[in-house]
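To keep things clear, I will list the structure first and then write my remarks on it.
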Amino acid sequence: MGSGIITLRDSYEKIDIEHHFKVNAGPGAGKTTWLINHIRNVVQHSNRLGQVKKVACITYTNVAAGKIISNLGDACEYVEIGTIHSFLYKHIVKPYVSFLNIPELAVKEIKGHDDYGPNKSILYSVKEQSKQVYLKDKDLLEALLDLQWKFDSKGILQVLPRKIFKFKIKKETYIIYKKICWSMGILHHDDVLYFSWRLINEFPSILDILRAKFPYIFVDEFQDTNPIQAEILKKIAEKESIVGVIGDKAQSIYKFQGADVNQFINFNLNGMKEYKIEGNHRSTEEIISILNIVRNDPTFVQYSPENRHGCKPRIMVGDVMATYKRAKQICGKQTLWTLCYKNVTSNCLKNGYDVKDENIILEDIITNDSNPKRAKQLYYVISSIENARDNKIKDALKFMKRAMRKEDADRTALYQLQYFLDNYEIIKDKTLTEFYNTYFDEKVFDKSKITKGSVKDFYDSKKYSDMALAVKIDDDDCINRTIHKAKGDENNCVMVIIPESDDKTNYGLDFILNPNIAFEENRVYYVALSRAREKLFISIPKINDEVKDRLMKVGFEIENCS
Ligand SMILES: Nc1ncnc2c1ncn2[C@@H]1O[C@H](COP(=O)(O)OP(=O)(O)OP(=O)(O)O)[C@@H](O)[C@H]1O
């Protein structure tokens, strides 16, 4: 690495295209803009690109990939853009996974990678094969949904849950579960990293082919990379290919999914140059001043290079719907985004419901129904309907076909989906028992009616609309999103929703009143606040006079909306 960090004047400054690089800058500094300009520069000046030799641009989400594509113009022809998982799956796992000769892996059955949750019959097989029939389904499911591949102290990948649980599960359970999934052709997203790592280590010529195809590999939002991804990139960068990474350590918010900010901080390659960009082109001075407070780093203070000014950020006190209504009124014709921590809250806002039980999860269906087929039918049909309502038709059809257990029945799936959507206003108020027994067509679904017992009690106690709130939408780009899904994006008007807190010293606003960016929760709110260009609102249920005073002193206006 060079001796020091070079400051780039702005996102238009060009750098030598034939060295590895790391760019570090705060929110709105123009990192993604700089990356787009850099790709254009590479496409224009490199003599190493052609029909089959491209720039690989790795983004964190498909939404981010779409935005870069739309900004690249003609340069797109020489660029392949996608998430790290889609890239590794396409170029390493799909073509070569059979080389590994894993007897349990049904290579021909693999149809991509997914975040499949185990059904009841898989849970049963795992318990039986690991000789732990006494395990509670709920506990086992929780552990299996939390699995991640990690390097052990010898550098070997092991699959283990991220969290430590109160209940005990034998270590070998997890690989047993993986092998059961693999035998059905099921690959989880994380398996893509595991197989890629094994393949490039056991068959290094795969790396040569990859380098020949991609002379340049750039990764945006690298602060949320995980150790396996970072190690794979280091291997690729050993020769021929130029690797560049871009990020901001204060915007690392995916630790719960195994991301490790130290991968970015300590990332180093032979001959790598390090750059930074100062300033924030996105937000007004009033918003940037709040961001500087939350970041609380005297060595890192942002400003608006254009000296843009606007209204003061506003704390809106009251219940979520009341604050949302009032903020929308203030924004007039401008669209207001809401950003919140929990998926259920953002779904409540999308549907115009009062924010309720935030701990509801769709997997409750799997653990409460003794009939795994019926549980999956309900799970997938609800997912399908809610994805369709969010205009994610491809995913909606995928889930409907899974519910029907017919992967090639597109027309029937579409017909079913249409039927559910046409009846949505009625369905949404039904209990899950009524929904399943009355609205599932038995000619399409191999159906076993819900009749009695604890299963019926459970389904009777849940309305369709309760469960719909727990559906997670991939690539969510709507106006009511979780903060995690808004990463990298921006909007003129943003309202950040803070859940009720009993702490009367800060009411959940500790990230402003006692700022410490070392805490992940504070970084999540930092990302949320920094999405706003002009108008920033924070919705909070309650507040006292002392906290009000402190907030006004740091630059907020306060409005009571109840
Ligand atoms: N040099 C510039 N002059 C004016 N506007 C710019 C410049 N660079 C970027 N912008 C604008 O500033 C906004 C933020 O840019 P960009 O999304 O590239 O920042 P970023 O550093 O990737 O942000 P974040 O990390 O917060 O997602 C965008 O609206 C972009 O068009």
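In each ligand, atom 1 is the first atom listed, and ligand 1 is the first ligand listed.
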First-shell residues of ligand 1 [heavy atom, distance under 4.0 Å] = D10, S11, Y12, G26, P27, G28, A29, G30, K31, T32, T33, Q251, H281, R282, E306, G488, E490, R531
Using the test ring-ring contact (aromatic ring centres under 6.0 Å, His included), find all partners of Y60 that sit at least two apart in sequence or belong to another chain.
-> Y254
Ring centers of F195, Y89 separated by less than 6.0 Å | no
Sequence neighbours excluded, the answer for side chain to side chain contact (heavy atoms under 4.5 Å, CB included) partners of H45 is I17, N41
For E274, does its backbone N or O pair with a side-chain atom of N24 as donor and acceptor, under 3.5 Å?
-> no
Contacts of T505 meeting side chain to side chain contact (heavy atoms under 4.5 Å, CB included) (sequence neighbours excluded), chain-then-number -> D503
Do E18 and Y216 have side-chain atoms, one donor and one acceptor, less than 3.5 Å apart?
-> yes
